[in-house]
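The analysis underlying the following values was restricted to heavy atoms, covering all of them including side chains, and did not include hydrogens, waters or symmetry mates. This chain uses plain numbering: 1 for the first residue, then up along the sequence. Indexing begins at 1, ligand by ligand and atom by atom, following the structure's order.
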Amino acid sequence: MSVPSEIRRFRKDLKEARAASPGEVAKRLPAFECVRCAKCCRGAFGDNTVTAFPGEIRTIMAAIGREWLDIVEPEVAAADGGCDVDRYGNRHAFEWALRKKPDGDCIFLEDGRCVVYEVRHWICRTYPFYLDEIRTGHGECDGLPGAEKSADLAMAEALIARRVAELEESIALLERLDMEAGRGHSGAIVVHDSEGSRLVFERGGRMTFHRKSR
Ligand code: SF4
């Protein structure tokens, strides 16, 4: 699918997401109660990758006084195990992911608690649920099924807001997409997001930006 047609599709989805009724979404959510197992934050229980948008990363940077690359790294693991490599030898990534500790746990998990809980990302705030188009879905979670309870309107509102944010991010990314951004370099990871393209180099086990432009 071409970039313009992808943008058109995302714009249509965005219109639907903005018009979604929290009450209707809430009715479709199964009963859920967080049992505070923190399995969703740990590497030992499956894929705990948490992707993050530029705005979410900046919120955490401001809250804890850390730099961009202290918090996230390029998400280069595509579903098929590969990723886009350009003619200069640079890899391309289309998302940022929260860094993990050597054991695979999220870097913000300390003693079973999230140390950025108040400013955590959409994915963490809405886990285990997500909206796919306007259908609800959920991942594996010990809190499902939870005790019977009334429809969770706050969760439904958060899911709609997350879906809107995801679509806005995707549209802005595609509008700024420059697959030639790595020209003149080799061995970089070119990360594309809603703010443009950024070159990251891995040297001596550390990641650094080519340009400090953000
Ligand atoms: S940011 Fe917090 S809630 Fe999200 S995966 Fe990390 S520790 Fe868990």
**Q** Give the residue, atom name and distance (to 0.1 Å) of the protein heavy atom nearest atom 2 (Fe) of ligand 1.
**A**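 For atom 2 (Fe) of ligand 1, the nearest protein heavy atom is Cys114 SG, 2.3 Å.
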
**Q** Would you please classify the geometry between the His138 ring and the Phe129 ring as parallel, tilted or perpendicular, with 30° and 60° separating the classes?
**A**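 Geometry flag for His138 against Phe129: perpendicular rings.
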
**Q** Mark yes or no for whether Glu56, through its side chain, and Phe53, through its backbone, hold a donor-acceptor pair below 3.5 Å.
**A** yes

**Q** Check ligand 1 against Phe108 and write out every atom of the ligand that is under 4.0 Å from a heavy-atom position of the residue.
**A**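 Close to Phe108: 7 (S).
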
**Q** Give a yes or no on whether Cys40 keeps an N, O or S atom under 2.8 Å from atom 4 (Fe) of ligand 1.
**A**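 It does not: Cys40 brings no N, O or S atom closer than 2.8 Å to atom 4 (Fe) of ligand 1.
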
**Q** Could you tell me the residue and atom name of the protein heavy atom closest to atom 1 (S) of ligand 1, and the distance to it rounded to 0.1 Å?
**A**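 Scanning the protein heavy atoms, the shortest distance from atom 1 (S) of ligand 1 goes to Leu98 CD1, 3.6 Å.
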
**Q** Looking only at heavy atoms, is any part of Asn48 under 4.0 Å from ligand 1, and if so is it the side chain, the backbone, or both, or is it neither?
**A**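 None of Asn48 does.
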
**Q** Could you give the distance from CG (Leu29) to CG (Leu153), rounded to the nearest 0.5 Å?
**A**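 The CG atom of Leu153 is 9.5 Å from CG of Leu29, to the nearest 0.5 Å.
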
**Q** Describe, in one word, how the ring planes of Phe209 and Trp68 are oriented to each other, choosing from parallel (under 30°), tilted (30 to 60°) and perpendicular (over 60°).
**A** perpendicular

**Q** Can you tell me if Glu169 uses its side chain to pair, donor with acceptor, with the backbone of Ser194 under 3.5 Å?
**A**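 Checked: pair present.
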
**Q** Strictly under 2.8 Å, is atom 2 (Fe) of ligand 1 approached by any N, O or S atom of Cys124?
**A**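 Short answer: no, not a single N, O or S atom is under the cut-off.
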
**Q** Using only atom types and a distance under 3.5 Å, with no angle test, would you say the side chain of Ser186 pairs donor to acceptor with the backbone of Tyr88?
**A** yes

**Q** For atom 6 (Fe) of ligand 1, find the nearest protein heavy atom and state the residue, atom name and distance (0.1 Å precision).
**A** Cys106 SG, 2.4 Å

**Q** Examine all N, O or S atoms of Cys41, backbone included, and report whether one is under 2.8 Å from atom 8 (Fe) of ligand 1.
**A** yes

